[in-house]
Novice: 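I have a structure here, written as structure tokens, and I will follow up with some questions on it.
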Number of protein chains: 2
Amino acid sequence: MNSRRASPPAAGKQPVPVASPWRASRERLRERAVKREAVIRAAAREFNRKGYHNTSLDDIAARLEVTKPTVYYYVTSKEQLLFQCFVAGVEQIRAAFRDVRHLEAPARERLNAVLRHYGQAVASEFGWCMVRAEDQDLSPAMSRHIKALKSEIDHGIRRLIREGVQDGSIQPCDPKMTAFALAGALNWIAHWYREDQSLTGAQIAEAFVAVFEGGLRPRAGAAPLPARRGPRRRARRVAEAVAR
Amino acid sequence: MNSRRASPPAAGKQPVPVASPWRASRERLRERAVKREAVIRAAAREFNRKGYHNTSLDDIAARLEVTKPTVYYYVTSKEQLLFQCFVAGVEQIRAAFRDVRHLEAPARERLNAVLRHYGQAVASEFGWCMVRAEDQDLSPAMSRHIKALKSEIDHGIRRLIREGVQDGSIQPCDPKMTAFALAGALNWIAHWYREDQSLTGAQIAEAFVAVFEGGLRPRAGAAPLPARRGPRRRARRVAEAVAR
DNA sequence: TAGGATAGCTACCCATGAGTATCATCGAGG
DNA sequence: CCTCGATGATACTCATGGGTAGCTATCCTA
């Protein structure tokens, strides 16, 4: 979870039986970090449920069974809370790019790997915040920051697409529009996943990647198009399904 | 100043020289409808620019060069304003479905036609409202209403996909996930189109349809995949961007 | 030309919610 | 024991903004 947060050599089970005068304060620091993280998580969950503007800091505090000033003890403003949630979400995606960078595979496969991570991140608890953090809700400074991060990801996708076209693993296409289409489809998960959790994030990502890869038009080998559902082959099934 | 004040021989040049006692009142009624529409349009534009919660009714009124109570003379609440914008947007898409219903073409082509309209609607001035009208921002009643309309569209797309799979014009796939992917990509246009209007809505829709149709994987006839972009072309750029 | 509907404005109300000043508690160190 | 720093709660301030009351002007109909 808060891996990069622990500043002491926290990673392992430090035995440290020594009664260092700093131990207590370090302990407190760690505890504080944990609490801060809890505040951000709680905020993410509430934003996710009710949206940024419909969530008051009192709500978040109540969810943690503390009061508003306590929340302010860990963050400086509501805006910062949103920003932190955003960063937490976006960091997962940046990690995906890093993971993939040194892979020895055609660009399309690397892109797919990124998209799978991307989809899972959007379906995660920070997904909503990442996707929906609106520049309009934030100060100019933070807005710029968020835009930069979003742009970085966008350009990362575009680059993979360009490389794929280059190495022949991706159908020639407009990288910008294609990147928008892919990212948009994935981003949108955040809108409906809350209500419909019948699949895991990974499953959704997988299904989306399959759609992106293959496209709608049947691949070679499929039956040629009849004029219209003319012979109405097994339209039965459809009719039933539609009636549902 | 208030130019829209003079509207007697308004849009439609109706000859009607007869001095019907009802003419005037009908005229007023029409005028009222026009003004109401202007209010809704103005609201859509402001919501589009600044988001629902960051737009006050004073803003909308100011944009129309009237005052808040005047706005309330035409709508009953801010919520209703959002709802009307939503309906205006969604109606374009419903129209697309109607247009396509009696077309004698494979389902994939009918789907594409709908998606093209869809994309244009999202890029229109009501696009943002349609896409972003959140149930959390609305009363339960309106929320239900909006959900029903959204669901209608979703199921319309799913049905076209199912028909396409049936008639062989669409690659076999999961209709639900595919519909989510397509609609998501198109919906997301509303997020970035505001900032980047380098293309028209129609052009974007066209580009997206091309991506959906063909998919990323090269079609038969394309060059086979080389191992990887050998010389690690410009990985430089990324490293910089990330470091930023 | 009076009476009434229409349309708009000024001036207000008031709930919400972000953010803060101030006090209370508690554990640790001197 | 007493202080100090960390943590939390109580109880505010105050700006914003949705919504309304009620006056005014205009124009239509009688």
Side-chain angles (χ1 to χ4, degrees), chain A residues 18-39 42-43 46-47 50-83 136-139 142, chain B residues 1-8 10 18-39 42-43 46-47 50-84 136-139 142:
Chain A
V18 199
S20 155
W22 302 99
R23 215 207 55 162
S25 91
R26 268 190 316 178
E27 189 108 332
R28 259 208 306 270
L29 229 59
R30 231 188 56 76
E31 204 172 312
R32 185 186 167 87
V34 167
K35 289 186 187 173
R36 189 185 139 94
E37 189 124 337
V39 169
E46 289 302 290
F47 292 159
K50 309 192 297 183
Y52 179 67
H53 290 283
N54 297 315
T55 300
S56 72
L57 282 171
D58 282 316
D59 292 339
I60 296 169
R63 182 54 68 111
L64 291 164
E65 294 178 308
V66 295
T67 57
K68 187 166 55 169
T70 300
V71 171
Y72 274 98
Y73 187 70
Y74 294 101
V75 297
T76 68
S77 68
K78 188 182 182 184
E79 191 190 12
Q80 197 206 14
L81 217 36
L82 177 59
F83 182 73
Q136 309 135 341
D137 298 337
L138 297 165
S139 68
M142 288 205 171
Chain B
M1 209 208 306
N2 51 348
S3 54
R4 72 206 158 294
R5 166 62 75 155
S7 38
V18 200
S20 155
W22 303 99
R23 215 206 54 159
S25 90
R26 265 190 317 177
E27 190 105 335
R28 256 209 308 268
L29 229 60
R30 233 187 57 77
E31 202 172 315
R32 184 185 167 88
V34 167
K35 289 186 185 174
R36 188 185 139 95
E37 189 124 337
V39 169
E46 290 301 291
F47 292 160
K50 308 194 296 182
Y52 179 67
H53 290 282
N54 297 314
T55 300
S56 72
L57 282 169
D58 282 315
D59 291 340
I60 296 169
R63 182 55 67 113
L64 292 164
E65 294 177 307
V66 296
T67 57
K68 188 166 57 171
T70 301
V71 170
Y72 274 97
Y73 187 70
Y74 294 100
V75 297
T76 68
S77 67
K78 188 182 182 185
E79 190 191 13
Q80 196 205 14
L81 216 37
L82 178 59
F83 182 73
Q84 291 300 328
Q136 309 136 340
D137 298 337
L138 297 165
S139 67
M142 287 205 172

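Numbered from 1 within each chain, the chains take letters A, B, ... in sequence-line order.
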Novice: Rounded off to whole Å, could you give me the CD-to-C1' distance for the B:Glu79 and D:dG17 pair?
Specialist: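 Nearest whole value for this atom pair: 16 Å.
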Novice: Does A:Gln136 CD have over 12 foreign heavy atoms under 6.0 Å away?
Specialist: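 Enclosed: over 12 neighbouring heavy atoms sit under 6.0 Å from CD of A:Gln136.
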Novice: Expressed in angstrom and rounded to an integer, what is the separation of A:Glu65 atom CD from D:dT7 atom P?
Specialist: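 Computing the A:Glu65:CD to D:dT7:P distance gives 19 Å.
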Novice: Please list, pair by pair, any protein nitrogen or oxygen found under 3.5 Å from a nitrogen or oxygen in nucleotides 20-25 of chain D.
Specialist:
none

Novice: Between A:Lys78 and B:Tyr73, which has a closest nucleotide on DNA chain C that is more 5'?
Specialist: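 That would be B:Tyr73.
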Novice: My understanding is that only residues two or more places apart in sequence, or in another chain, count here; which of them pass side-chain contact (heavy atoms from CB on, under 4.5 Å) with B:Gln84?
Specialist: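 Partners of B:Gln84 under the side-chain contact (heavy atoms from CB on, under 4.5 Å) test: B:Arg36, B:Ile40, B:Gln80.
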Novice: Which nucleotide wins on minimum distance to the side chain of A:Leu57, given the candidates C:dA18, C:dA7, D:dG18?
Specialist: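 Taking heavy atoms from C-beta onward, the closest nucleotide is C:dA18.
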Novice: Over how many whole Å does the gap from A:Asn54 atom CG to C:dA18 atom P extend?
Specialist: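 These atoms are roughly 11 Å apart.
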Novice: Within this structure, what is the CG-to-P distance between B:Asp58 and C:dC12, rounded to whole angstrom?
Specialist: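 Whole-Å distance recorded here is 15 Å.
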Novice: Could you work out, with salt bridge (charged side-chain N to carboxylate O under 4.0 Å, His left out) as the rule, every residue matching B:Asp137, not counting sequence neighbours?
Specialist: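 Applying salt bridge (charged side-chain N to carboxylate O under 4.0 Å, His left out) to B:Asp137 gives none.
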Novice: List in chain and number order the residues that pass side chain to side chain donor-acceptor pair (under 3.5 Å) with B:Ser139, two or more places apart in sequence or in another chain; answer none if no residue qualifies.
Specialist: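 Listed in chain order: B:Glu79.
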Novice: Give the rounded distance in Å between these two atoms: CG of B:Asp137 and P of D:dG18.
Specialist: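 Interatomic distance, CG of B:Asp137 to P of D:dG18: 12 Å.
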Novice: Measure from the side chain of A:Ser56, starting at C-beta and using heavy atoms only, and say which of D:dT7, D:dG19, C:dG17 lies closest.
Specialist: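 Taking heavy atoms from C-beta onward, the closest nucleotide is C:dG17.
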Novice: Counting only pairs under 3.5 Å, give me each side-chain donor-acceptor contact of residues 67-75 of chain A, with atom names and distances, residues two or more places apart or in other chains.
Specialist:
none

Novice: Respond yes when some side-chain nitrogen or oxygen of B:Arg32 is under 4.0 Å from OP1 or OP2 of C:dT6, and no when none is.
Specialist: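 For C:dT6, neither OP1 nor OP2 has a side-chain N or O of B:Arg32 closer than 4.0 Å.
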Novice: Who are the side chain to side chain donor-acceptor pair (under 3.5 Å) partners of A:Asp58, not counting sequence neighbours?
Specialist: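 In terms of side chain to side chain donor-acceptor pair (under 3.5 Å), with neighbours along the sequence ignored, A:Asp58 is linked to no residue.
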Novice: D:dG18 P sits how many Å from B:Glu46 CD, rounded?
Specialist: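 So the CD-P distance, B:Glu46 to D:dG18, works out to 12 Å.
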Novice: Check the distance between D:dC28's C1' and B:Glu31's CD and give it to me in whole angstrom.
Specialist: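 In whole Å, D:dC28 C1' lies 13 Å from B:Glu31 CD.
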Novice: Which distance, rounded to the nearest 0.5 Å, do you find between the OH of A:Tyr52 and the NZ of A:Lys78?
Specialist: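 Interatomic distance, A:Tyr52 OH to A:Lys78 NZ, rounded to 0.5 Å: 5.0 Å.
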Novice: Contact class for B:Thr67 vs. all strands (heavy atom < 4.0 Å): base, sugar-phosphate, or nothing?
Specialist: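 Base: the residue B:Thr67, judged by heavy atoms under 4.0 Å, touches a nucleobase.
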Novice: Would you kindly give the CG-to-P distance between B:Leu29 and D:dC28, to the nearest whole Å?
Specialist: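 About 15 Å, once rounded to whole Å.
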